[in-house]
Colleague: 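Shown below is the structure under consideration.
Scope of the values below: all heavy atoms of this structure, side chains included, with no hydrogens, waters or symmetry mates.
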Number of protein chains: 2
Amino acid sequence: MNHRDRVRHRAPAETGGPPTRTVTLDDIARLVGVSRATVSNAYNRPDQLSTALRDRILGAARDLGYPGPDPAARSLRRGVAASVGVVLTETLSYAFSDSAAIAFLHGLTRRLEAHGLSVLLIPASPRRDAAAVRDAIVDGFVVYSMPDDDQHVSAIRRRNLPTVFVDQPRQSGSPFVGVDNLPAAREAARHLVDLGHRRLGVVSFPCRSDGHRGLADEDRQASPTRAVTRDRLAGYRAAAEAAGIAWIDVPVEERLRSDAAEGFDAGIALLTRPDPPTGILAMSDHLALGVIDAADHLGLDVPGDVSVVGFDDIPRAARWDPPLTTVQQPLTERGEVAGDLLLEALQHPGSEAPTRVLPTALVLRGSTALARTSDRR
Amino acid sequence: MNHRDRVRHRAPAETGGPPTRTVTLDDIARLVGVSRATVSNAYNRPDQLSTALRDRILGAARDLGYPGPDPAARSLRRGVAASVGVVLTETLSYAFSDSAAIAFLHGLTRRLEAHGLSVLLIPASPRRDAAAVRDAIVDGFVVYSMPDDDQHVSAIRRRNLPTVFVDQPRQSGSPFVGVDNLPAAREAARHLVDLGHRRLGVVSFPCRSDGHRGLADEDRQASPTRAVTRDRLAGYRAAAEAAGIAWIDVPVEERLRSDAAEGFDAGIALLTRPDPPTGILAMSDHLALGVIDAADHLGLDVPGDVSVVGFDDIPRAARWDPPLTTVQQPLTERGEVAGDLLLEALQHPGSEAPTRVLPTALVLRGSTALARTSDRR
DNA sequence: CATTCAGTCTAAATCGTTCCAGATGGGTAC
DNA sequence: GTACCCATCTGGAACGATTTAGACTGAATG
């Protein structure tokens, strides 16, 4: 705080004004004896001034310790941020423990960095207000699987910037990329039914963001706030009912996060029921792998005693013991497509908002098998 | 003069001036008939005006589709960005394929999001210029294992913002967090030597950013640009020479990235030499796992025919077949500490710059064993 | 000799806010 | 009636840059 007016010419901030920079364009201009415009040009348009003068300016800037043109001021004036905001389900750090989210970010950044765009990861946990979204200095947004009623999403809508929605209901006029969750989940469930399983169980994402952990009653199942949850649940149910299984008899264990620990917990809960399921549908591979661990822990064989189906096909799924039967979706590609769509929207603001639905495929591996004859009823 | 000024009062952009916002604070102020300051207060200091007026203002804003105060302008005026820039080795997308980087980001974001800070991931591949760094609207930086001579790093230095350096030489006055790579690597190599291995091989990170892939000659080994590479190499060497092994006889295979494919490639190269090593030191677990695959591919047994030691102790290492002997370092904690240090530096700009050296530990698992008696010389 | 021109450089307007230092005006205290 | 106060609201000066239009050279052109 002491040698600040080594450079500063105006009066020192007296009444605690806004935090001031130590050196500005103005200071350089004054020192060299040229106009601000020329200093600006020295940085941004080297062809607009003689090399001699430019060197003199840049030299003076170095001497004064000038940090270069202030990015905020530049962004304000130019109207461009050169960055893209990303908002993900749950907390920010959670994204780095979820393979699916990581793969998505991998694809997304691959596309965006090719255009020199930075990626702003915005904290958007349900408990925080939307200040971070309002203050995000970005040219556009990517919204990844957020609850429908989330305040961050509505704050983003209000920002009125190009926005790509991933795996959630598309908003009018905004590009969308995702998979068709309902039929994909239905196929997974039908697979179990076809193998003769009649007693099913589900490990689900949260239906609401109220921190509930345990069985989801009819009421909760009625309207999950995230589209992914809603659609997969509906898919499971459709296949079950098509096979004549009463949905009310299918326990749905709701868990807060998508990780193996939660999956384990849910697996224990399901498999220690009086009449335990012989086929379990998990909404993610992380959860499914936890369920397999739980079966293991209880001395049950997978797939001998219980079959397990996941969702996502993360790399680890194929290497697990037993290898996981799961619904494959193009995780990285989703990110790439999201990047492409956003770049397109940034370049042609008024254009049509495309919808890209990516394919899924049920991958049969070792975690599912025919139900025991005795269980088929 | 009709209602066309419902939104914009100035003339439509004629000569392609700066991109203008559709609606500004000014427009709301004019419409409601109050001053700009009052509209600003409606957003930022609700206690400074009557609820009635505030509602009227917010209502008008909604009617006009006002996106809220412009973040760039706000940031300029306030002097705060509410975000932190992160620069990582290699491309941005690469970070999402490297468990160590992911764990780091996990820890970092966990700390930063608790304070409502966003994280700006800045593309800093060696091939790009430092524009993204110069334009980054942030309050501080985190620099993660970058080459010493990197232009992005010098651009960050010039920005003169609080900066935390991770796993690379600390810059004067800046906080640092990392591990002591030299002794850690030395311990890893000594472990092999103690097991009787005399013919060693190394799989290394790049010594320079020139895209070289293959054996690193003496010259290249002399001064790797990244501290991590430098220190680990020196550690391996120290242990080898202490055991009387001539370093010139130890093949160092340099690879571009830290992943299993590169490790596999390097493993093949080492193990198909005329006099193949019986003990291999890899600078990361990703590389080490690739080496194990390579041995497998060649019909060699690990650890029977060749011992392998990794570095990092990523989650997968313990679950591999055979489980990997490796140098454990606190991956997530490094991120957390980096976050803490940066938060501290942001809150107390002038304060002492702390150095935090985290502990490492050699974890003995199944990928290393006694050298065959015939190999011990 | 007048004209054009390219190369440099400058002045002033602007980007969209926030915040400080009052102004206003009605109510309460004495 | 005067003094004081509190709650509201306003004016205008920042914040630190970019950009457009034009001024000033000296040289080249016709």
Colleague: Can you check whether A/R78 has a side-chain N or O nearer than 4.0 Å to OP1 or OP2 of D/dT19?
Modeller: yes
Colleague: For a quick test of reading the model: is some side-chain N or O of A/S40 closer than 4.0 Å to OP1 or OP2 of D/dT18?
Modeller: yes
Colleague: Output yes when at least one side-chain N/O atom of B/S50 is less than 4.0 Å from OP1 or OP2 of D/dC9, else no.
Modeller: yes
Colleague: Any side-chain N or O of B/N41 below 4.0 angstrom from OP1/OP2 of C/dT18?
Modeller: no
Colleague: Given C/dG16, C/dT17, D/dT19, which nucleotide is nearest the side-chain atoms of A/L76?
Modeller: C/dG16
Colleague: Over how many whole Å does the gap from B/I137 atom CD1 to D/dA17 atom P extend?
Modeller: 13 Å
Colleague: C/dT10, OP1 or OP2 - any side-chain N/O from A/S35 closer than 4.0 Å?
Modeller: yes
Colleague: Write down the distance between CD1 (B/I28) and P (D/dC9), rounded to a whole number of angstrom.
Modeller: 17 Å
Colleague: Side chain of B/A37, heavy atoms from C-beta onward: which of C/dA11, D/dT10, C/dT17 has the nearest atom to it?
Modeller: D/dT10
Colleague: Which nucleotide wins on minimum distance to the side chain of B/V34, given the candidates D/dT10, C/dG16, D/dG16?
Modeller: D/dT10
Colleague: Nearest whole Å is fine: how far is D/dG16 P from A/D26 CG?
Modeller: 10 Å
Colleague: Mind listing the closest non-hydrogen atom pair of A/V87 and A/A124 along with its distance?
Modeller: CG1-CB, 3.7 Å
Colleague: Please determine if a side-chain N or O atom of A/R45 lies less than 4.0 Å away from the OP1 or OP2 oxygen of D/dT19.
Modeller: yes
Colleague: Can you confirm whether B/D167 sits close enough to B/R334 that some side-chain heavy atom of one is under 4.5 Å from a side-chain heavy atom of the other?
Modeller: yes
Colleague: What is the distance, to the nearest angstrom, from the CG atom on B/D47 to the C1' atom on C/dC19?
Modeller: 14 Å
Colleague: Please report, rounded to the nearest Å, how far the C1' atom of C/dT10 is from the CZ atom of A/R30.
Modeller: 16 Å
Colleague: With side chains defined as the heavy atoms from C-beta onward, is the minimum distance between B/L342 and B/L117 less than 4.5 Å?
Modeller: no
Colleague: May I ask you to evaluate whether B/R74 reaches the phosphate of C/dT18, defined as a side-chain N or O under 4.0 Å from OP1 or OP2?
Modeller: yes
Colleague: Would you say B/V119 and B/V142 make side-chain contact, with heavy atoms under 4.5 Å?
Modeller: no
Colleague: Is there, by distance only and without an angle test, a donor paired with an acceptor across the side chain of B/R77 and the base of C/dT17 below 3.5 Å?
Modeller: no
Colleague: Provide, to the nearest angstrom, the distance between the CD atom belonging to A/Q48 and the C1' atom belonging to C/dC9.
Modeller: 10 Å
Colleague: So what does B/R54 hit on the nucleic acid, given a heavy-atom distance under 4.0 Å: a base, only sugar-phosphate, or nothing?
Modeller: nothing
Colleague: For B/R159 and D/dA17, give me the distance from atom CZ to atom P, rounded to whole Å.
Modeller: 11 Å
Colleague: Can you find a side chain N or O atom of B/Y66 that sits less than 4.0 Å from OP1 or OP2 on C/dT17?
Modeller: yes
Colleague: Please determine, for the side chain of A/T38, which listed nucleotide (D/dA17, D/dG12, C/dT10) has the closest atom?
Modeller: C/dT10
Colleague: Taking the side chain as C-beta and beyond, is there a heavy-atom pair between A/L161 and A/F141 under 4.5 Å?
Modeller: yes
Colleague: Between B/R36 (CZ) and C/dG16 (P), how many Å, whole number?
Modeller: 11 Å
Colleague: Using the closest heavy atom to pick a nucleotide of DNA chain C for each, name whichever of A/G33 or B/N44 lands nearer the 5' end.
Modeller: A/G33
Colleague: Can you say whether the rings of B/Y144 and B/F104 are parallel (under 30°), tilted (30 to 60°) or perpendicular (over 60°)?
Modeller: tilted
